[in-house]
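Written out below as structure tokens is the structure these notes cover.
Note: hydrogens, waters and symmetry copies are ignored here, and every other heavy atom, side chains too, is used. Per chain, numbering begins at 1; letters A, B, ... match sequence-line order. Values in this document were obtained by computation on a predicted structure and should not be read as measured data.
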Amino acid sequence: MRIYNTMTGTKETFVPINRDSIGIYACGVTVYDYCHIGHARSAVVFDVIIRYLRYKGYKVKYVRNFTDIDDKIIRKANEEGIPWNEVSEKYIKEFYADMDSLGIARADVEPKATDHIQEMIHIVQTLIDNGYAYTVVEGDSKSVYFEVAKFKDYGKLSKKSLDDLLAGARIDINESKRSPADFALWKASKAGEPWWESPWGKGRPGWHIECTAMSMKHIGETLDIHGGGADLVFPHHENEIAQSEAYSGKDFARYWVHNGFITIDKEKMSKSLGNFFTIREILRKYDPEVVRCFLLSSHYRSPLEFSQEQLKESEASLDRFYTTYERIEDYLRYGARQKKKGDISAFEIDKAIERFSKSFEDAMDDDFNTALAIGSIFEFLRILNRYIDASPPISEATAVLEKGKQCLKKYTSTLNIFNRTPYQWQLAMLKSKDIPITETQIQEKIAERHNARESKNYLLADNIRNELEQLGILLEDKKDGTLWKVKRDAPEAN
RNA sequence: GGCGGCGUACCCAAGUGGCAAGGGAGAGGUCUGCAAAACCUUUAUCCAGCGGUUCGAAUCCGCUCGCCGCCUCCA
């Protein structure tokens, strides 16, 4: 299995330190507002990575933190006139609400920065003792800075040289720092800010130190995988490496995994540009599974352009999957309902199952290529359809199709999409498209139309069908009854 | 300015040396009381442009054009 490592810029064979206890740390969010779809991408990407590694038999300990103290949280608290921890607690709750709905499993440990103040103080003190950090008096207490020039590998992740960084004039000139590139490990608190007692007086932790403290406490000094959004490469992860390796003398992480951005009109979606959509906004119009499918429809490192069209395409993909799935179920229940078309043997399906398993795993083994893996699902689906078209004897079909279904299930559960029943999918569509009719009412209409058709009153039958179509419900006449489904391009509610 | 990435059919998208996955849209067909849906088939002599390496390149190298990211908080 190969993973792209930002550190080396190449795909490398994944060799964990110990396959029975893989440690993965992903940077979570700063909880000061609702999450947008970009946060969702990162969360979904690592959710799939974890699921797939577990499927492969690795024992994974997954740690994802909350940054629950920082400038933005303090500012928000001041704006709203509430304590800072009320802000962070509120948005942690909202984070869970959003991520749960997207089918993202909880991490094994979800530490908060403010629960690790003592660990951070210990690391900072060690860095001072080792000569990597220095204190500066600021107000009534002291701040602590990491002296970047002392760490000779600085820039190895982001491929930046210290000289280039210093030449780029955009770094703040802070008189008290020895170099503009030095970063805060511990910040002296200003009036009115939250603070913790420390050897340097009242203060609060810098951003980068929290991840070092939490990952080392919950995993150890060397992580198998460290992940996050591509915008964290510099300075966040670069600084984490500097302080962690200066502290422990060991490599901080073996594989660095970074996901690409969501873009809008080709530009990065971000809070500061204001071109973002929150997860909950999108979920008002689209089913969570649609959003998740959209997020997995291209490779995790590529930029992913957000648009209604893209979401509709993902919806269409899911609809196609569940329609075929329903067709399989239908065949297993009732057998052939149409003329035999083509010829394909159970043996060939067996081979197709093997081929599908291999192509799915090959895709995922190659740096978690979910786009390719989804492609292999559709390829497999087409073969199953062809098999049903060939109207195989039910006894033979049962064995083969059940096997195919189980194989699908095994893999779709690693993506956590294509994972419901066709019926659940249709109910979800009914809900997300705000169709103004209940399932019970639809069934009544179907029964009414059934009677009309029995008595050959096709005019009435057609009227009922048209009436439902107006509402966004399509009827499919089958041998043993009529199936309803939500019209894909049904008008959205105004 | 420094560093990095991207440019594949009408749209999205995989593919990083050996006949160009998959999805959406379009076209033709099958099924059907009629429909619709579904299913099947089909849709890039070619991968931004130019040049080079090679028996062979979308894939490697060089240049050009266009787009984007990081260098400041950011998933």
Side-chain angles (χ1 to χ4, degrees), chain A residues 6 9 11 26-30 32 35-46 70-72 155 158-161 163-165 167-172 181 207 227-236 238 258-263 266-273 276 293-294 297-299 301-305 307 309-310 312-321 323-324 326-327 330 337-339 341-342 359 363 366 369-382 385-386 388-389 453 456 458-459 461-462 465-466 469 474-479 483-485 487-488:
Chain A
T6 307
K11 286 183 197 170
C27 290
V29 294
T30 300
Y32 72 103
C35 288
H36 60 62
I37 185 73
H39 299 112
R41 184 182 198 189
S42 199
V44 166
V45 162
F46 287 98
D70 96 318
D71 291 346
K72 288 186 292 265
S158 57
K159 315 286 181 282
K160 294 179 192 304
S161 78
D163 290 344
D164 292 342
L165 284 169
R170 298 182 66 185
I171 298 171
D172 286 344
W207 176 34
D231 47 3
L232 297 182
V233 172
F234 190 91
H236 186 50
E238 196 68 71
H258 293 99
N259 63 273
F261 303 123
I262 302 277
T263 59
K266 303 253 180 187
E267 277 193 328
K268 178 186 172 185
M269 180 186 287
S270 72
K271 298 280 288 190
S272 42
L273 283 172
F276 63 94
C293 184
F294 159 69
S297 65
S298 74
H299 188 89
R301 279 188 283 115
S302 311
L304 178 55
E305 174 74 10
S307 70
E309 285 65 36
Q310 296 283 78
K312 288 201 174 114
E313 281 195 15
S314 293
E315 197 171 86
S317 294
L318 285 159
D319 203 55
R320 178 173 147 72
F321 177 89
T323 299
T324 304
E326 171 59 32
R327 192 167 182 239
D330 186 75
R337 36 170 94 258
Q338 59 188 30
K339 270 194 313 206
K341 273 192 297 192
S359 58
D366 185 16
N369 193 334
T370 54
L372 190 57
I374 290 171
S376 74
I377 289 175
F378 284 102
E379 232 167 327
F380 182 49
L381 242 43
R382 195 170 56 200
N385 272 317
R386 211 181 294 154
I388 292 177
D389 276 347
R453 291 180 77 212
K456 304 238 189 275
Y458 290 121
L459 186 66
D462 289 352
R465 185 171 63 198
N466 291 337
E469 190 178 347
L474 293 173
L475 297 185
E476 269 179 57
D477 291 333
K478 301 265 189 175
K479 205 189 282 177
L483 208 68
W484 65 270
K485 59 182 290 188
K487 200 175 167 182
R488 209 189 290 150

From CG (Leu304(A)) to OG (Ser297(A)), nearest 0.5 Å: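 OG of Ser297(A) is found 5.5 Å from CG of Leu304(A).
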
Phe294(A) side, atom CZ; Lys312(A) side, atom NZ - distance, nearest 0.5 Å: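 Between Phe294(A) CZ and Lys312(A) NZ, I get 13.5 Å after rounding to 0.5 Å.
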
Touch class at under 4.0 angstrom, heavy-atom based, for Gly38(A) against every strand present: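 Base: the residue Gly38(A), judged by heavy atoms under 4.0 Å, touches a nucleobase.
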
Touch class at under 4.0 angstrom, heavy-atom based, for Val233(A) against every strand present: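 No contact.
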
Partners meeting side-chain hydrogen bond (donor to acceptor under 3.5 Å, both in side chains) with Thr370(A) (sequence neighbours left out):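 Thr370(A): no side-chain hydrogen bond (donor to acceptor under 3.5 Å, both in side chains) contacts found.
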
base_contact_polar (C34(B) base, Asp477(A) side chain, donor-acceptor, <3.5 Å):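 Result: at least one qualifying N/O pair found.
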
Heavy-atom donor-acceptor pair, Arg465(A) side-chain to C34(B) base, under 3.5 Å: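 Between C34(B) and Arg465(A), which were checked side chain against base, a qualifying N/O pair under 3.5 Å is present.
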
Short side-chain N/O contact to C39(B) OP1/OP2 from Thr324(A), under 4.0 Å: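 True: Thr324(A) side-chain N/O within range (under 4.0 Å) of C39(B) OP1/OP2.
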
Any Lys268(A) side-chain nitrogen or oxygen under 4.0 Å from OP1 or OP2 of C70(B):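 Yes, Lys268(A) has a side-chain N/O under 4.0 Å of OP1/OP2 on C70(B).
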
Nearest to side-chain heavy atoms of Ser42(A), which nucleotide of C73(B), G33(B), A75(B):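 For Ser42(A), the side-chain atoms sit closest to A75(B).
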
5' precedence on RNA chain B between Lys159(A) and Leu304(A) (nearest-nucleotide basis):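 Looking at RNA chain B, the more 5' nearest nucleotide goes with Lys159(A).
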
Asp389(A)/Arg327(A) ion pair, N-O < 4.0 Å: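 Salt bridge present between Asp389(A) and Arg327(A).
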
Short N-O contact, Asp462(A) and Arg465(A), less than 4.0 angstrom: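 Looking at Asp462(A) and Arg465(A), the cut-off is met.
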
Base versus backbone protein contacts along nucleotides 14-30 of chain B [heavy-atom cut-off under 4.0 Å; B, S, -]: SS-----BSBSS----B

Residues in ring-ring contact (aromatic ring centres under 6.0 Å, His included) contact with Phe321(A), at least two apart in sequence or another chain: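 Residues passing ring-ring contact (aromatic ring centres under 6.0 Å, His included) with Phe321(A): Tyr325(A), Phe418(A).
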
Near-parallel close stack of Tyr458(A) and G33(B) base (under 5.5 Å, under 30°):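 So Tyr458(A) counts as stacking on the base.
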
